[in-house]
Amino acid sequence: MCSVGGTFDVDMAEGPEGYVCTECGSQFKGIGKDPKCPKCSSDKVVKIG
Ligand SMILES: [Zn+2]
C-alpha cells in the first residue's frame with residue numbers, strides 16, 4: 001500500500017448509525033468512530049440499534 005494524499009478514515013461501507021447522548025439524552029445519527037452530540041457537542045454518546 002502506497003497512498004499519497006487524502007485517505008478516508010471513515011468506513012464508507014457503513015451507513016449512519018443511531019446514537020444517544022448520555023449528557024442530554026438526545027438521539028441522533030452519526031458516522032465515524034467518534035461521533036458527537038449535535039445538541040451539546042458532548043462525545044459521551046453510546047450506539048443504539
Ligand atoms: Zn447531548
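Atoms within a ligand are numbered from 1 in the order they appear, just like the ligands themselves. Since we're looking at a predicted model, the values are computed, not measured.
- Here the closest non-hydrogen pair linking Gly30 and Pro35 is CA-CB, 4.4 Å.
- Residues Gln27 and Ile48 meet the side-chain proximity criterion, which asks for heavy atoms closer than 4.5 Å.
- When side chains are defined from C-beta on, Val45 does not count as touching Thr22, because their heavy atoms never get closer than 4.5 Å.
- Gly32 and Tyr19 get closest at one heavy-atom pair: O-OH, 3.5 Å.
- Excluding water, every protein N/O/S atom under 2.8 Å from the Zn ion (ligand 1) is given here by residue and atom: Cys21 SG, Cys24 SG, Cys37 SG, Cys40 SG.
- Residues forming a side-chain contact (heavy atoms from CB on, under 4.5 Å) with Lys39 (at least two apart in sequence, or on another chain): Cys24, Ser26, Cys37.
- One finds the NZ atom of Lys44 at 10.5 Å from the NZ atom of Lys36 (value rounded to the nearest 0.5 Å).
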